[in-house]
S.K.: 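First the structure, then my questions, so here it is.
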Amino acid sequence: MESSSENLVKTLLRNPSSIKTKSQAKQLHAQIVKTRGSRSVSLATIIIGIYSDLNLLKESLEVFNNFRYVPTKAWKYVVRCYSCNGYFRDSLACFVEMRGWGKLPGSDVFPSVVRACTHLKELRVGESVHGCVIRFGMESDLYTANALMNMYAKLQVLSHDYHVFDEIPQSDRVYSRRSSLTQDSEIGILRNELIRSEKSHFESLSGRRVKNATGLDSVSKIFQMMPDKDVVSWNTVIGGNVQSGLYEEALERLREMSNAYLKPDCFTLSSVLPVFARHVDVLKGKEIHGYAIRHGFDKDEYIRSSLIDMYATCTRVEDSYRVFNLLSEKDDVSWNSIIAGCVQNGTFVEGLGLFRQMLAANVKPVEVSFSAILPACAHLTTLQLGKQLHAYIIRVGFDQNMYIASSLVDMYAKCGKIMTARWIFDRMEIHDPVSWTAIIMGYALNGHAREATILFENMQHDKIKPNAVAYLAILTACSHAGLVDEGWNYFTSMNRYGVSPDLEHYASIADLLGRAGRLTEAYKFINDMPIKPTGSIWATLLSACRVHKNVELAEKVAKEMSTADPGNMGPYLLLSNMYSAAGRWKDASKLRTNMKKKGMRKPPACSWIEVRNQVHAFVSGDTSHPYYDQIHVALRDLYERLKQEGYVPQISEALHDVDEEQKSDLLYTHSERLAIVFGIISTPAGTTIRIIKNLRVCVDCHTAIKFISKIMGRDIIVRDNSRPFQRWELFMWRLLVMVTMEMYP
DNA sequence: GTAGGGTTAG
């Protein structure tokens with residue numbers, strides 16, 4: 001017995017890789033200690049190698065700590081094991097200590113050390129390690145070079161993105177949010193030690209500091225110098241290009257890769273799929289999908305979520321759904337992909353439904369889930385749901401996430417809660433162009449142009465250059481407040497900042513001039529634009545003509561508009577309204593007959609209201625709502641009280657040439673009134689009523705709502721397609737009340 | 001040693 005087990009031990013020691021499990025490793029270790037004691041350095045080194053290969057950190061460290069004099073191999077095993085177990089700081093510390101003992105590192109330890117630097121986002125330490133790699137002639141090692149490319153691809157892109165913090169020392173930058181100060185100073189010491197010992201070698205050997213390189217220079221340089229490249233090398237360089245937005249380069253590398261007779265794998269495909277998504281090239285995307293199916297990669301969860309995203313970005317949400325529904329196991333990423341796909345394509349209610357399904361499926365929402373779903377609350381003005389999400393976000397500590405904070409600012413602003421939006425904005429640690437734009441646009445939409453211009457200036461003091469969207473926000477602010485000169489100045493200053501105005505900026509200026517009643521100027525401006533005017537830009541001017549009752553110009557503009565956009569009946573509707581308002585009934589009816597001949601029909605007016613986490617839709621004259629009878633009774637009562645208060649229906653803008661009685665009947669079946677009355681009868685007294693409507697609120701509804709607000713003592717906010725916010729307000733803004741989230745028990 | 005999902009756009 002004794003000798004046979006001794007033989008086995010000998011066999012195993014000659015061939016340590018045959019040990020496959022923890023218990024086998026421990027048995028062997030115990031047998032050796034029993035028969036030969038624990039003195040032998042060479043045996044201990046073999047054992048630590050076995051433990052480290054099995055990723056057993058605790059066991060490796062037990063052996064490691066018993067060495068009086070640690071052999072080089074043992075150092076390497078422990079550095080690697082720390083890194084593999086996610087203890088990146090310890091891995092680096094161990095590496096520094098190993099170097100301090102004069103031990104020579106090799107291709108067996110560099111990949112783990114570089115990986116540690118990548119995870120710790122320590123570019124400068126990584127550069128020093130790179131210096132060390134060059135010093136020991138390891139730069140042509142496949143695994144080491146792959147790891148280095150990965151590090152530069154990830155960290156150099158990062159340091160470009162966050163140029164805002166350039167003055168802040170790097171240690172603060174990387175760790176300020178996540179780690180304690182002690183860890184910072186530890187890594188600082190580590191970094192200094194490494195940099196002191198390796199920097200000069202690195203600089204002299206590589207000829208220049210990699211830090212000064214731009215974009216993917218370092219990655220390409222390493223890639224070109226590699227004597228052997230495998231699929232991972234190609235994937236890393238392709239992925240790096242994609243992440244830096246260099247899509248053409250990524251595709252070129254993909255072609256080169258096939259020329260080198262290397263077949264794309266799961267990693268390659270999920271890296272290049274976003275390229276076709278960004279290019280909105282669904283045909284190429286489908287080719288990749290087909291390739292994935294042929295090679296059996298379509299079972300891969302990374303590929304699937306990339307496919308969901310690709311189809312959604314190409315506005316093919318149905319195809320996203322198809323891929324999503326085929327998933328047997330749906331993880332948070334696939335849920336987030338489909339939710340984001342819906343929201344980005346404007347199907348907000350579906351997005352919310354999927355979000356609820358995700359929770360019901362016990363998939364925990366992560367940061368991305370919230371930044372994906374919050375825009376849906378913003379667009380639907382579902383403030384209650386938005387607040388519940390916000391409460392949850394605060395509870396789990398996601399509130400300092402840039403994406404989430406910006407979406408919250410936008411959501412509160414779109415729900416008319418501009419003070420809350422500001423409160424969140426002011427409490428953000430850092431502001432980026434998006435968060436600035438969200439708050440500026442928030443003030444613009446809520447009609448506070450002055451505050452918007454102040455913030456626009458503050459943004460520039462914060463060294464953030466306004467981009468096209470920021471300009472759109474400030475132009476919107478000016479046009480809503482009638483600040484013609486200011487708006488014009490902002491518009492002309494765009495080129496100074498290297499932002500070339502696009503159609504939306506021109507539209508904003510046309511709107512600005514039109515609202516201010518400078519109609520002829522606006523007409524000339526649109527005609528002189530360097531971009532071909534679209535139907536929608538003419539529509540802006542046309543509605544200005546209506547407001548300023550200029551029928552002659554309106555006729556001209558309507559003509560231009562129907563040439564630019566023949567299918568659109570907007571110009572006909574507006575013009576016919578204007579004829580009616582001017583009492584030119586014949587012209588109005590002629591126009592309407594023309595429309596009918598062309599087969600044009602007005603889209604149904606629709607209003608939405610959120611009550612107890614449910615969105616209720618009302619179509620003009622619609623009787624299908626389950627509470628329609630109650631709504632109708634309440635509407636009649638309300639109508640009586642409105643009349644007592646002095647409300648007189650203003651029917652001059654009504655579309656139909658019918659008698660007065662019929663007109664007022666038509667008017668009080670308008671969808672927004674149905675929604676408002678439903679809101680009144682189904683919410684407690686004093687609750688703010690928030691409505692969204694797909695068409696413009698008519699003048700009579702505007703007046704009626706003012707009366708309703710007064711009689712019922714309610715704030716009423718209506719967002720329609722011409723002015724996002726019109727409010728009939730009785731109370732001051734209330735402070736944000738945190739609502740406990742019903743959906744998260 | 002490699003890969004997927006997120007914020008602003010009257």
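Sequence lines set the chain letters: A, B, ... in the order given, protein chains first and strands last, and positions in each chain run from 1.
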S.K.: Is the ring pair His130(A)/Tyr152(A) parallel, tilted or perpendicular, if the boundaries are 30 and 60 degrees?
M.R.: tilted

S.K.: Over all strands shown, is Ser407(A) touching base, sugar-phosphate only, or nothing at heavy-atom distances under 4.0 angstrom?
M.R.: sugar-phosphate

S.K.: Measure CG/Asp230(A) against C1'/dT2(B) and give the value in whole Å, please.
M.R.: 9 Å

S.K.: Ring-plane angle category for Phe525(A) and Tyr506(A), please: parallel below 30°, perpendicular beyond 60°, tilted otherwise.
M.R.: tilted

S.K.: Does a side-chain N or O of Gln344(A) approach OP1 or OP2 of dT7(B) to a distance below 4.0 Å, or not?
M.R.: yes

S.K.: Taking NZ, NE, NH1 and NH2 as the nitrogens, is one of them in Glu139(A) or Lys221(A) under 4.0 Å from a carboxylate oxygen of the other?
M.R.: no

S.K.: Specify the separation, in whole Å, of atom NE2 of His289(A) and atom C1' of dG4(B).
M.R.: 14 Å

S.K.: Consider the side chain of Arg115(A), meaning its heavy atoms from C-beta on, and name the nucleotide among dG10(B), dG5(B), dT2(B) that approaches it most closely.
M.R.: dT2(B)

S.K.: Looking at dT7(B), I'd like to know if its phosphate oxygens (OP1 or OP2) sit under 4.0 Å from a side-chain N or O belonging to Gln400(A).
M.R.: no

S.K.: Side chain of Val434(A): nearest nucleotide among dT2(B), dT8(B), dG6(B)?
M.R.: dT8(B)

S.K.: So what does Leu142(A) hit on the nucleic acid, given a heavy-atom distance under 4.0 Å: a base, only sugar-phosphate, or nothing?
M.R.: base

S.K.: Counting side-chain heavy atoms from C-beta on, which of dG4(B), dG6(B), dT8(B) comes nearest to Gln243(A)?
M.R.: dG4(B)

S.K.: Quick one: Trp436(A) CH2 to dA9(B) C1', roughly how many Å, whole number?
M.R.: 19 Å

S.K.: Of the nucleotides dA9(B), dG6(B), dG4(B), which one has an atom closest to the side chain of Ser306(A)?
M.R.: dG4(B)

S.K.: Mind running ring-ring contact (aromatic ring centres under 6.0 Å, His included) on Phe491(A) and Tyr471(A) for me, showing each step along the way?
M.R.: CA-CA 8 Å; Phe491(A) 179 72; Tyr471(A) 269 108; 9.0 Å; no

S.K.: Quick check for you: among dT8(B), dG6(B), dG5(B), whose closest atom lies nearest to any side-chain atom of Val366(A)?
M.R.: dG5(B)

S.K.: Starting at CD1 of Ile303(A) and ending at P of dG4(B), how long is that distance when rounded to a whole Å?
M.R.: 11 Å

S.K.: Can Tyr403(A) be called stacked on dT7(B) when the rule is centres closer than 5.5 Å and an angle between planes below 30°?
M.R.: no

S.K.: So which nucleotide from dG6(B), dA9(B), dA3(B) ends up closest to the side chain of Leu472(A)?
M.R.: dA9(B)

S.K.: Is there side-chain contact between Leu385(A) and Leu380(A), with heavy atoms separated by less than 4.5 Å?
M.R.: no

S.K.: Report which part of the nucleic acid Thr540(A) touches: base, sugar-phosphate, or nothing (heavy-atom distance under 4.0 Å, all strands).
M.R.: base

S.K.: Measure centre to centre between the rings of Phe425(A) and Trp436(A), then say whether the value is under 6.0 Å.
M.R.: yes

S.K.: Is Lys330(A) close enough to dG5(B) that one of its side-chain N or O atoms is under 4.0 Å from OP1 or OP2 there?
M.R.: no

S.K.: Counting the atoms with a prime plus P, OP1 and OP2 as sugar-phosphate, which does Ser508(A) contact under 4.0 Å by heavy atoms, base, sugar-phosphate, or nothing?
M.R.: nothing

S.K.: Should Asn336(A) be listed as having a side-chain N or O under 4.0 Å from OP1 or OP2 of dG6(B)?
M.R.: no

S.K.: Does the side chain to side chain donor-acceptor pair (under 3.5 Å) test come out yes or no for Tyr321(A) and Glu350(A), once each step is laid out?
M.R.: CA-CA 11 Å; Tyr321(A) 261 119; Glu350(A) 283 80 355; over 6 Å; no

S.K.: Tell me the interatomic distance from Leu408(A), atom CG, to dT8(B), atom C1', rounded to whole angstroms.
M.R.: 13 Å

S.K.: Taking atom types as modelled, find out whether Ser435(A) and Asp432(A) have a side-chain donor-acceptor pair closer than 3.5 angstrom.
M.R.: yes

S.K.: Do Asp309(A) and Arg278(A) pass the salt bridge (charged side-chain N to carboxylate O under 4.0 Å, His left out) test, and can you show the C-alpha distance, the side-chain angles, and the key distance before you say yes or no?
M.R.: CA-CA 10 Å; Asp309(A) 180 54; Arg278(A) 298 294 100 82; 3.7 Å; yes

S.K.: If I take atom CD1 in residue Ile439(A) and atom P in nucleotide dA9(B), what distance separates them, rounded to the nearest angstrom?
M.R.: 12 Å

S.K.: I want to verify a distance call: between dG10(B), dT7(B), dA3(B), whose nearest atom is closest to the Ser271(A) side chain?
M.R.: dA3(B)

S.K.: Pull out every residue in residues 318-328 of chain A that has a heavy atom closer than 4.0 Å to any atom of DNA chain B, ordered by number, or say none.
M.R.: none

S.K.: Step through the shown structure and confirm whether more than 12 heavy atoms of other residues, nucleotides or ligands are within 6.0 Å of NZ on Lys284(A).
M.R.: no

S.K.: For the side chain of Leu445(A), starting at C-beta, report the closest nucleotide among dG10(B), dT2(B), dG6(B).
M.R.: dG10(B)

S.K.: Nearest whole Å is fine: how far is dT2(B) P from Leu155(A) CG?
M.R.: 12 Å

S.K.: Contact class for Glu367(A) (heavy atom, under 4.0 Å): base, sugar-phosphate, or nothing?
M.R.: base

S.K.: Answer with base, sugar-phosphate or nothing: what part of the nucleic acid does Val343(A) contact at a heavy-atom distance below 4.0 Å?
M.R.: nothing

S.K.: Nearest to the side chain of Lys154(A) - dG4(B), dT2(B), dA9(B)?
M.R.: dT2(B)

S.K.: Over how many whole Å does the gap from Asp332(A) atom CG to dG5(B) atom C1' extend?
M.R.: 8 Å

S.K.: When you get a sec, tell me which of dA9(B), dT2(B), dT7(B) is the closest nucleotide to the side chain of Val469(A)?
M.R.: dA9(B)

S.K.: Go through the N and O atoms of the side chain of Asp300(A) and the base of dG4(B), and report whether any donor-acceptor pair is under 3.5 Å.
M.R.: no

S.K.: What is the nucleic acid contact for Ala444(A), judged by heavy atoms within less than 4.0 Å: base, sugar-phosphate only, or nothing?
M.R.: nothing

S.K.: Need one value for Ser337(A): base, sugar-phosphate or nothing, where a base atom within 4.0 Å counts as base even if backbone is also close, heavy atoms only.
M.R.: sugar-phosphate

